[in-house]
Amino acid sequence: MSKTYKNIKGTFDIVPDPSISKDASPFSSGQWIRIERVVRDVVRRYGMQEIRTPILEPLDLIARGIGQLTDIVSKEMFAFSRDNTDYVLRPEITAPVVRAYLQHNMSQLLPVQQLFYIGPCFRAERPQKGRYRQFHQFGAEIIGEPGPMADVEVIRCMVDIYKELGITNMELRLNSLGDETSRPQYKAALQEYLEPHRNDLSETSRSRLEDNVLRILDTKNPDEQRLLQDAPRLSAFIDSESEDHFNIVCEMVDKAGIPFVHDPFLVRGLDYYTRTAFELESPDLGAQSALAGGGRYDLLATELGSKNPVPAVGFAAGIERLLIAVSELGDTAAIDDGPDIYIASLGDTALKWAIDTAAALRSDGGAVVTALAQKSLKAQLKDASKRNARYAIIVGEDELQSSVATVRDLRKSTQEEIPFASLPTLLKRS
RNA sequence: GUGGCCGUAGCUCAGUCGGUUAGAGCGCCAGGUUGUGGCCCUGGAGGUCGGGGGUUCAAUUCCCCUCGGUCACCCCA
């Protein structure tokens, strides 16, 4: 076999029709664009403005922001160095957004920034269903507001997107991680409780015992889960402000008619969360059940060098998983990007006329496709049909003589005669 | 990083208990309709049966290695 090239493992091409390439195309570009439109429409209703940051970021930003001890930073980064600078392909977008917010003093423009983003992220994990090495996230952040209503807005915005797409089979899990006063106390208590059971813990949990106790809470190991049943709960240590904050979030989420469960073991894999943490899961996704997640990260800006604390809250969601969830519902809808008009021509003179006429119709705003070489009318109409064109304009010697085109409505299978000068009116029909 | 499963046409997959020209459906191209798509009929193109090595008179089939894919663990979007 001669040498050919393939997409890199864990990445995929987004092509018009995935059936053409089994290797690397879980979704069509039409499905993809449709999701992006829904996302943009919903976040727009919340007043979120788009921010686009580079895919390449300083390694240090990500390491500090997300946390050295997280799985993401310790083993999943695509990082490299060049000219004495360490780079990383961003594994998530919250830290870059906060970096941009601080760098551009965005609080000066607007005390409370409401931003959304959408774009690719990279993590060097073994790919499987719903998990890719280049994947795509969208998310929203409310930066500069400490109060619980910001949390509620973010959660409502996130849930609205899924509702808009007809996804109802999902579970929202909420928890509060306390703040910088209560969390260390809880960590210490948990450590104290687990220490005597050290030998019953898995290898990873044992190392977390020292440096990242909270992560033990979301272990999937049944023995460890049993052990944790009697462990001290964070709710017993939580400071009153965080408690009030959490209660208001729960109350308002409940009032919004969004079902949720309080999961005291929810901690999330990124270190920067404080107080509110949440995850949205779907049972339709297989092993990768997390559709989206997020929370409050009041300490992140400080961690990234800000002199003033910057309270913020946000969510991040995976487009691939959203697409899987949507197609599990049997919804494979895609945007219809077929042209308005396909010009079929017969003969060399007509072909040239078609090219010129297409240009004229395009300047009127129409999407127009022509055959680019002489072909049988049958082949051209088949082409038009496959492209999902609305109308076919058929022009041969007769039509050129009379300056009246034969126009076929490809959806209704009806046909009519339209003078050349009136062809632009086709574009005004609904 | 670890484990299970799978690699035959563009796609989905048959098949060969080792034996001459490897099949189907869908898709693609053409013709049936000297200028009419989606239905129907006919024909055609397209495969070194993932790659390498071994056993054998003979390997797509059996064995080994390798590459690739996929699902799962871990963790997350």
Side-chain angles (χ1 to χ4, degrees), chain A residues 1-4 6-10 12 15 17-26 66 69-76 90-94 118-139 158 202-205 208 215 218-221 266-270 279-282 285-294 315-325 342 344-347 350 374-399 406-415:
Chain A
M1 190 194 290
S2 65
K3 165 86 172 167
T4 57
K6 303 181 23 166
N7 62 294
I8 283 168
K9 180 210 294 257
F12 56 89
V15 296
D17 181 352
S19 68
I20 66 175
S21 169
K22 88 168 179 191
D23 287 340
S25 243
I66 297 175
L69 300 171
T70 58
D71 288 352
I72 294 175
V73 171
S74 63
K75 59 182 187 188
E76 296 170 2
R90 65 183 183 195
E92 56 101 59
I93 308 185
T94 297
I118 183 165
C121 296
F122 304 82
R123 293 184 198 171
E125 298 181 273
R126 280 282 276 267
Q128 65 191 68
K129 185 176 184 187
R131 172 194 289 165
Y132 304 93
R133 288 186 157 189
Q134 174 174 339
F135 61 104
H136 300 77
Q137 283 193 340
F138 61 88
M158 174 182 78
S202 66
E203 198 178 326
T204 49
S205 290
R208 281 174 182 160
R215 289 291 307 288
D218 71 355
T219 178
K220 304 248 172 68
N221 182 319
L266 175 68
V267 292
R268 314 230 350 109
L270 293 77
E279 258 178 28
L280 190 67
E281 295 195 355
S282 163
L285 288 182
Q288 265 54 51
S289 60
L291 280 170
F315 79 87
I319 296 182
E320 289 82 358
R321 292 182 189 180
L322 174 51
L323 274 164
I324 291 170
Y342 185 103
S345 58
L346 291 149
Q374 292 196 45
K375 277 195 281 190
S376 72
L377 181 59
K378 178 176 179 165
Q380 292 185 71
L381 287 175
K382 199 172 176 184
D383 191 29
S385 176
K386 274 196 289 196
R387 291 169 187 270
N388 208 16
R390 175 77 195 277
Y391 298 103
I393 293 176
I394 299 165
V395 172
E397 290 305 320
D398 297 349
E399 286 82 358
T406 301
V407 175
R408 184 168 178 83
D409 184 321
L410 293 169
R411 296 186 198 158
K412 295 181 186 158
S413 297
T414 56
Q415 221 158 282

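Within every chain, numbering begins at 1; the chains are lettered A, B, ... in the order of the sequence lines, protein sequences first and strands thereafter. FYI, side chains are in, hydrogens and waters are out, and symmetry mates aren't considered; it's all heavy atoms of this structure.
- For the P atoms, the distance linking B/C11 with B/U21 amounts to 26 Å, nearest Å.
- With the 3.5 Å cutoff on both pairing distances, Watson-Crick and G-U pairs in RNA chain B assemble into runs of at least 3 at B:1-7 with B:67-73, B:10-13 with B:23-26, B:28-32 with B:40-44, B:50-54 with B:62-66.
- Not counting sequence neighbours, the partners of A/Lys129 by the side-chain contact (heavy atoms from CB on, under 4.5 Å) test are A/Ile324, A/Glu328.
- Considering only residues two or more places apart in sequence or on other chains, A/Gln415 meets the side-chain hydrogen bond (donor to acceptor under 3.5 Å, both in side chains) condition with A/Arg408.
- Taking the P atoms as reference points, B/G23 lies 14 Å from B/A9, given to the whole Å.
- Nearest approach of A/Glu92 to A/Ile66, heavy atoms of both residues: CG-CD1, 3.4 Å.
- Residues passing the salt bridge (charged side-chain N to carboxylate O under 4.0 Å, His left out) test with A/Lys75: none are found, sequence neighbours excluded.
- Qualifying salt bridge (charged side-chain N to carboxylate O under 4.0 Å, His left out) partners for A/Glu281, counting only residues two or more places apart in sequence or in other chains: A/Arg173.
- With P as the reference atom, B/U61 and B/G1 are 29 Å apart, rounded to whole Å.
- Considering only residues two or more places apart in sequence or on other chains, A/Gln128 meets the side-chain contact (heavy atoms from CB on, under 4.5 Å) condition with A/Arg131, A/Ala287, A/Gln288.
- The same atom, P, is picked in B/G43 and in B/U36; the two are 23 Å apart, to the nearest Å.
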One character per nucleotide, please: for nucleotides 71-77 of chain B, 5' to 3', B when the base has a protein heavy atom closer than 4.0 Å, S when only the sugar-phosphate does, - otherwise. SBBBBBB

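- Residues meeting the salt bridge (charged side-chain N to carboxylate O under 4.0 Å, His left out) test with A/Asp383, sequence neighbours left out: A/Arg387.
- The gap from the C1' atom of B/U12 to that of B/G52 amounts to 29 Å, rounded to the nearest Å.
- Annotation: salt bridge (charged side-chain N to carboxylate O under 4.0 Å, His left out) contacts of A/Asp218 (sequence neighbours excluded): none.
- Under the 3.5 Å distance criterion, the side-chain polar atoms of A/Arg215 are left unmatched by any main-chain donor or acceptor of A/Val267.
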Return a table of donor-acceptor pairs under 3.5 angstrom between the side chains of residues 118-127 of chain A and protein atoms on other chains or two or more places apart.
unit_1	atom_1	unit_2	atom_2	d
A/Arg123	NE	A/Pro91	O	2.9
A/Arg123	NH2	A/Pro91	O	3.0

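- An OP1 or OP2 oxygen of B/G69 is reached within less than 4.0 angstrom by a side-chain nitrogen or oxygen of A/Lys9.
- When rounded to the nearest whole Å, the span between NZ of A/Lys6 and C1' of B/G51 equals 12 Å.
- Spacing of P atoms, B/G32 relative to B/G37, comes out at 12 Å, to the nearest Å.
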Where protein sits on nucleotides 27-38 of chain B, one letter per nucleotide: B base, S sugar-phosphate only, - none, heavy atoms under 4.0 Å: -SS--B--BBBB

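- For the C1' atom pair drawn from B/G4 and B/G47, the interatomic distance equals 29 Å after rounding to whole Å.
- Going from the C1' atom of B/G68 to that of B/G51 covers 10 Å, rounded to whole Å.
- The side-chain hydrogen bond (donor to acceptor under 3.5 Å, both in side chains) check on A/Ser289 picks up nothing, with sequence neighbours excluded.
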